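See below for the structure under consideration.
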2 protein chains.
Amino acid sequence: MVLRYLVLGLLTIRPMTGYDLKRAFDSSVRHFWAADRSQLYRTLAAIVDAGLAEVEVVPQESYPDRKVHTITDAGREALRDWLASPLEPEDSREPFLGRLFFGDLLDGDGVAGLLAARRALAEETVAALTAEEERVAAVLADGGPDADRVRGTRGLALRLATLRHGLAHARTELAWLDETEREVLA
Amino acid sequence: MVLRYLVLGLLTIRPMTGYDLKRAFDSSVRHFWAADRSQLYRTLAAIVDAGLAEVEVVPQESYPDRKVHTITDAGREALRDWLASPLEPEDSREPFLGRLFFGDLLDGDGVAGLLAARRALAEETVAALTAEEERVAAVLADGGPDADRVRGTRGLALRLATLRHGLAHARTELAWLDETEREVLA
DNA sequence: GGTGACTAGGTGCATGGTCCACTAGTCGCA
DNA sequence: TGCGACTAGTGGACCATGCACCTAGTCACC
């Protein structure tokens with residue numbers, strides 16, 4: 001369901017092929033939603049079936065045809081409806097906590113290793129999001145390449161907010177690891 | 001996959017029926033993993049098929065038969081293998097951030113409403129986890145009902161760590177909301 | 001001249017997860 | 001006497017996700 005609306009959202013920026021979409025996706029919403037190519041192509045097809053977008057086939061010399069998808073008014077309406085619909089509680093699914101919960105079936109080193117691995121992942125996340133944040137902040141400051149200019153200043157502010165969300169949580173993860181290592185590995 | 005191991009983990013505490021399992025599940029790992037009844041029954045069946053648990057049917061007067069599932073040695077081994085296997089990066093999927101990202105298609109009130117709804121959910125989470133944390137801390141202090149004593153002091157410390165994980169992140173969410181409201185609703 | 005990356009678009013299948021409804025008896029409460 | 005909650009387990013449809021695989025041409029680099 002959600003993926004459908006993320007794709008519609010990206011199509012409001014400009015018409016896109018599945019290929020374009022994958023790149024736009026990876027360089028914008030990737031940090032809070034994962035999807036692979038096959039999913040995006042399928043989602044585009046479903047969106048077209050539902051009349052929320054239209055396809056135009058653009059032949060190219062020496063490259064496969066481009067199937068350019070353009071959002072329709074019905075698509076824009078569906079997107080707005082989703083954005084305005086009540087926010088449901090999300091149920092979490094965290095494999096890492098599952099392991100930790102049953103960590104007493106490992107020896108002490110096992111738990112230490114688990115926490116260390118988690119720390120490495122959180123540090124990677126902080127690094128990646130920091131880099132991305134700087135990139136977006138630069139775009140906000142001085143323009144930057146066209147493909148990055150996602151819908152004006154207000155849009156960029158929201159985009160930055162989602163990045164800071166990830167950063168804040170990754171840093172909390174590191175702080176929680178400090179605390180947990182102190183208490184559990186005593 | 002993960003659900004399989006969470007179920008095995010719970011079966012290390014004591015043999016259980018699907019019904020028992022659902023309750024044990026909801027009162028322990030629920031806050032970091034969601035599963036409904038039908039999933040748990042199916043997972044139990046899959047575990048038995050794989051030889052990781054055994055079933056004993058216990059007839060009861062005036063109630064349906066209990067199918068008591070007991071973990072096997074193979075099950076314990078599979079669980080330990082999982083616990084010791086390398087930690088993979090988890091890809092996040094956050095519908096809320098998806099909405100926020102495209103929030104500029106709503107009016108200012110829409111974004112404010114979205115953030116307010118998110119705040120309400122985060123506050124609920126903090127309240128629920130705080131209550132749960134106190135309950136678990138009390139068990140750690142003075143014993144408490146048998147069903148709650150999940151595998152000794154070390155197990156309880158890990159359980160508390162998973163609860164504090166949720167709490168830390170819920171509080172970070174509230175702090176991030178403060179910041180985001182200041183910056184986006186200006 | 002070969003290798004690999006890029007452009008472009010997919011298909012098929014298995015697994016996992018969600019939703020909903022159904023059976024069927026017990027028990028307490030109003 | 002009827003309603004809802006509890007105990008216990010099932011069936012089936014559907015949606016979402018992940019992984020592998022395929023076609024087919026262009027281009028740069030070694």
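Note that the structure is a prediction, hence the values are computed from the model and not measured. Chain letters run A, B, ... following the sequence lines, proteins first and then strands; every chain starts at 1.
- Checked against side chain to side chain contact (heavy atoms under 4.5 Å, CB included), A:Thr172 has the following partners two or more places apart in sequence or in another chain: B:Ala168, B:His169, B:Thr172.
- The side chain to side chain contact (heavy atoms under 4.5 Å, CB included) search around A:Arg118 returns A:Glu94, A:Phe96, A:Glu173, A:Leu177, B:Leu87, B:Glu90, B:His165, not counting sequence neighbours.
- Identified under the ring pair (Phe, Tyr, Trp, His ring centres under 6.0 Å) test for residues 4-52 of chain B, with sequence neighbours left out: A:Phe101-B:Phe32, B:Tyr5-B:Trp82.
- Within a 6.0 Å sphere centred on CD of B:Glu183, other residues, nucleotides and ligands contribute more than 12 heavy atoms.
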**Request:** Decide side chain to side chain contact (heavy atoms under 4.5 Å, CB included) for A:Leu3 and A:Leu40; before the verdict, give the C-alpha distance in whole Å, the side-chain angles of both, and the deciding distance to 0.1 Å.
**Result:** CA-CA 8 Å; A:Leu3 184 56; A:Leu40 291 177; 4.1 Å; yes
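- Between the C1' atom of C:dT11 and the CG atom of A:Leu44 lies a distance of 16 Å, rounded to the nearest Å.
- The bend of the helix from C:dG1-D:dC30 to C:dA30-D:dT1, defined by the angle between the axes of its first five and last five pairs, stands at 30° to the nearest 10°.
- Rounding to whole angstrom units, NZ of residue A:Lys67 and C1' of C:dT11 are separated by 12 Å.
- Atom OH of B:Tyr41 is separated from atom P of C:dT23 by 17 Å (rounded to the nearest Å).
- For A:Lys22, the salt bridge (charged side-chain N to carboxylate O under 4.0 Å, His left out) partners two or more places apart in sequence, or in a different chain, are A:Asp26.
- Counting to the nearest Å, the P atom of C:dG16 and the CD1 atom of B:Ile47 are 11 Å from each other.
- With sequence neighbours left out, A:Leu44 forms a side chain to side chain contact (heavy atoms under 4.5 Å, CB included) with A:Val7, A:Leu11, A:Leu21, A:His69.
- Annotation: side chain to side chain contact (heavy atoms under 4.5 Å, CB included) contacts of B:Pro15 (sequence neighbours excluded): B:Val68, B:Thr70.
- Rounded to a whole Å, the CZ atom of A:Arg66 is 17 Å from the P atom of C:dC6.
- In this entry the distance linking OH of A:Tyr19 with P of C:dG10 reads 14 Å, nearest Å.
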**Message:** Output one letter per nucleotide in nucleotides 12-21 of chain D: B when a protein non-hydrogen atom lies under 4.0 Å from the base, S when only the sugar-phosphate is that close, - when neither is.
**Reply:** B---SSBB-B
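- The side chain to side chain donor-acceptor pair (under 3.5 Å) contacts involving residues 119-131 of chain A comprise A:Arg119-A:Asp178, A:Arg119-A:Glu181, where partners must be two or more places apart or lie in separate chains.
- One interatomic measurement links the two molecules: CG of B:Asp26 to P of D:dC6, which rounds to 12 Å at whole-angstrom precision.
- Regarding B:Asp20, its CG atom lies at a distance of 15 Å from the P atom of D:dC6, rounded to whole Å.
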